[in-house]
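Here is the structure we will look at.
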Amino acid sequence: MSIKPARTRVAPSPTGHMHLATARVALYDYLLARKTGGQYILRIEDTDLKRTVPGAEQEIFDGLRWLGLQYDEGPDIGGKYGPYRQTERREIYQHYAKVLIDNGSAYPCFCAPDHLEKTRQEQMKRKENPHYDGTCRALAPDEAARRVANGEKYTVRYKMPRDGVTIAHDHLRGDIVTENKQLNDYVLLKSDGLPTYHLASVVDDHEMEITHVLRGSEWLGTFPLHVNIVRAFGWEEPTWVHLSVFLKPSGKGKLSKRDTTIAMTDGYSVFIKDMNDLGFTPEGINNWIALMGWGVAEDDIITTDQMIERFSIDSLTASPAAINFQKLDHFNATHIRLMTTGDLAARLKPYYAREGLDVDDDVLLKIIPLIRERLVTLDDCISFGGFFFKENVTPAPEELIAKGLDAKQSAEIARKSYEILSALDNINHATAEPPMRAYVESSGLNINQIFGIVRVAVTGQKVSPPLFESMEVIGREKCLQRMRNAVEILEKI
RNA sequence: GCCCCCAUCGUCUAGAGGCCCAGGACGCAACCCUUUCAAGGUUAAGACCGGAGUUCGAAUCUCCGUGGGGGCACCA
């Protein structure tokens, strides 16, 4: 691993919701920059005006911050290599497009879109690879210059060598050799004056002194083009790292929006903006995505700081990875257990608020030890601890009836339990458990039957944190009142 | 169709010629603990895609198949 400070960038397009894959690139960029003492920057690639979605950019800012991946330079915080929005760098690309035309690496193309489309159709009919037919490539430079000066609409195309090969070096895959005839005269500058990705990213990475380009492997197809452009400028190449793609949980095919809809109904999402609502933590998400495509070898539970310590682009993997939401659950739950009580309390409050529950801080602090190890997602605090903050609970009558018993018998148990508990000055684990256990012994019934009734009566639910600890937090008066209520319900059946 | 990339338990991965009859994690199963649910502990099942080479020796190198993925736009 080089000790030279790395400058990395995450360069999403504001064309939709921020995706898991973007988050992972950002994470790796962040880790590499921190590891080497370099910088990690955010660049917005908004050159496709038609696809730009309002609000998408803000979602990227928010998502990155939520994940704790604060960039050192970016559109909303500035930096000395700005601007960091490509639409604000138009002149820079136009300048460099001209440089390429002047040095014979590119040429203006005046072909109309419908002409292009027609030739493409014909080529496909002939089962040829669709590619630009080269009409304008054959134009004499001064002729082309004249037409440009005349104000004709044009694009700028890269003049791909017709023969020979391009050898592009990827850090994970080694040399990738491509025959130039497989490559196309790609458009670098569109007729609206904005660059395509190919020109923009190469120019910006150079101008912003990016040392390592981490991106998805969907760029492998145009990778040779990018390398050609860099070389046509005579620039030094960054280290290229093409990451694996994320596959659907089934492993069949890349993640798509459709999968997202399905996933959402299951309580999962591939969009960062949804994660907080679903109760996932940045720690859990980071841990999860970090390990898809990176073999850390040691502990699977790892904090961002530990990641920085261990990160190396050498141990990234090249094969596609199927996402696995069960693992997300595991990482999320584990990181929740790792949090301090105070931290967890602060994170839980919004979820209670969302349910309209008024949370008393002292109570919250007291219940955290009771619910912490039961939480998979933060919003589980409602199902495991919502009743602590409610004035009354409304147990389902059928749940108050113990297994193997009828309503009458259950009512009797509830009444007797009430008597035992009401005889106590104070209800807590130490005072309540012994007499209740004694009652179980003398009754000849199963402990689950008796404790189960009390549990449902007091918490309103069949599954809850430990009973007596919970009762202690709820308080004597409320417990007794809830027991009386249960007796009533049972007697009415 | 063409081009490129990838290929170890169901999933994520360790493994850079002998340390591997392949290790870890998730999940799954069993048991222990246990007032429910968890958590925790112990154990089990579970993989080197196939075929040729190279080598004394291959999960690791080469080639060919096969499978999977990505790309072939004035989208990124």
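Labels below follow one simple rule: chain letters A, B, ... track the order of the sequence lines, proteins then strands, and each chain is numbered from 1.
The minimum heavy-atom distance between A/Gly279 and A/Asn332, with the atom names listed, is O-OD1, 3.3 Å.
Figure legend: cation-pi geometry between A/Arg24 and A/Phe246, with NZ or CZ positioned under 6.0 Å from the six-membered ring centre and within 45° of its axis. Taking the ring axis of A/Tyr154 as reference, the NZ or CZ atom of A/Arg147 does not stay both within 45° of it and closer than 6.0 Å to the ring centre.
For B/C3, the OP1/OP2 oxygens have no side-chain nitrogen or oxygen of A/Thr178 closer than 4.0 Å. Residue A/Thr222 has no polar side-chain atom (N or O) positioned under 4.0 Å from OP1 or OP2 of B/C72. In this structure, A/Lys190 reaches the B/A76 phosphate: one of its side-chain N or O atoms is under 4.0 Å from OP1 or OP2.
Picking from B/G69, B/C37, B/C5 the nucleotide with the shortest atom distance to the side chain of A/Val463 gives B/C37. Between B/C6, B/G69, B/C74, one nucleotide has an atom nearer to the side chain of A/Arg173 than all others, and that is B/C6. Residue A/Ser464 places its side chain closer to B/U36 than to any other of B/C3, B/U36, B/G71. Picking from B/C3, B/G27, B/A25 the nucleotide with the shortest atom distance to the side chain of A/Gln326 gives B/G27. Minimum atom distance to the side chain of A/Leu220 is reached by B/C5, of the listed B/C26, B/C72, B/C5. When distances run from any side-chain atom of A/Lys327 to the nucleotides B/C74, B/C2, B/U11, the shortest one goes to B/U11. Taking the side chain of A/Ser319 as heavy atoms from C-beta on, and the options B/C2, B/C74, B/A7, the nearest nucleotide is B/A7.
Using a 4.5 Å heavy-atom cutoff, the side chains of A/Asn428 and A/Glu469 are not in contact. Put simply, the side chain of A/Thr196 does not reach to within 4.5 Å of the side chain of A/Leu189, judged on heavy atoms.
As judged by a 4.0 angstrom heavy-atom cut-off over every strand, A/Pro320 is placed among residues touching the sugar-phosphate backbone only. At a threshold of 4.0 angstrom between heavy atoms, the contacts of A/Ser201 with the nucleic acid are absent. Residue contacts shown for A/Thr317 are limited to sugar-phosphate atoms, with no base heavy atom under 4.0 Å away. Residue contacts for A/Trp219: at a heavy-atom cut-off of 4.0 Å it reaches a base atom on one of the strands shown. Using a 4.0 Å heavy-atom distance criterion, A/Gly253 is classed as a sugar-phosphate-only contact. Residue A/Ser217 is classed as a sugar-phosphate contact, given heavy-atom separations below 4.0 Å to backbone atoms only. Using a 4.0 Å heavy-atom criterion, one finds that A/Ile371 contacts no nucleic acid atom at all. Using a 4.0 Å heavy-atom cutoff across all strands shown, A/Ser13 reaches sugar-phosphate atoms only and no base atom.
Residue A/Ile323 is the one, among A/Gly221 and A/Ile323, whose nearest nucleotide of RNA chain B lies closer to the 5' end (criterion: closest heavy atom). Nucleotides of RNA chain B nearest to A/Ile176 and A/Gly293 differ in position, and the one nearer the 5' end is that of A/Ile176.
Using atom C1' as the reference point in both B/C9 and B/C49, the two lie 14 Å apart (nearest Å). Atom C1' of B/G51 sits at a distance of 15 Å from the matching atom of B/G67, rounded to the whole Å. Only the P atoms considered, B/C63 is 44 Å distant from B/A29, to the nearest whole Å. A gap of 12 Å separates the C1' atoms of B/C28 and B/U11, to the nearest Å. Spacing of C1' atoms, B/C6 relative to B/C48, comes out at 16 Å, to the nearest Å. One P atom belongs to B/A38, the other to B/A30, and the distance between them is 13 Å to the nearest Å. To the nearest whole angstrom, the two P atoms, one in B/A59 and one in B/C19, are 9 Å apart. The P atoms of B/C12 and B/G27 are separated by 16 Å, rounded to the nearest whole Å.
Rounded to an integer number of Å, the gap from A/Leu316 CG to B/C6 C1' is 15 Å. Computed from coordinates, the A/Glu179 CD to B/G71 P distance equals 22 Å when rounded to whole Å. A/Asp170 has its CG atom 15 Å from the P atom of B/C4, to the nearest Å.
Listed for the A/Asn287 side chain is a donor-acceptor partner under 3.5 Å among the backbone atoms of A/Asp300. Counting only distance, with no hydrogens or angles, the side chain of A/Thr22 and the backbone of A/Met18 share no donor-acceptor pair below 3.5 Å.
Centroid-to-centroid, the aromatic rings of A/Phe325 and A/Trp288 come within less than 6.0 Å. Here the two rings, on A/His226 and A/Tyr197, have centers that are under 6.0 Å apart. A/His198 has its ring centre no less than 6.0 Å from the ring centre of A/Tyr158. Residues A/Phe451 and A/Phe468 place their aromatic rings such that the two centres sit under 6.0 Å apart.
To the nearest 0.5 Å, the span separating CG on A/Leu291 from CG on A/Asn286 amounts to 11.0 Å.
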Discussion item. Output one letter per nucleotide in nucleotides 30-35 of chain B: B when a protein non-hydrogen atom lies under 4.0 Å from the base, S when only the sugar-phosphate is that close, - when neither is.
Written reply: -----B

Could you run down the sub-3.5 Å N/O contacts of the protein with nucleotides 38-42 of chain B?
unit_1 : atom_1 : unit_2   : atom_2 : d
B/A38  : O2'    : A/Glu373 : O      : 2.5
B/A38  : N1     : A/Glu373 : OE2    : 3.2
B/A38  : N3     : A/Glu373 : OE2    : 3.3
B/A39  : O3'    : A/Arg337 : NH1    : 3.3
B/G40  : OP1    : A/Arg337 : NH1    : 3.3

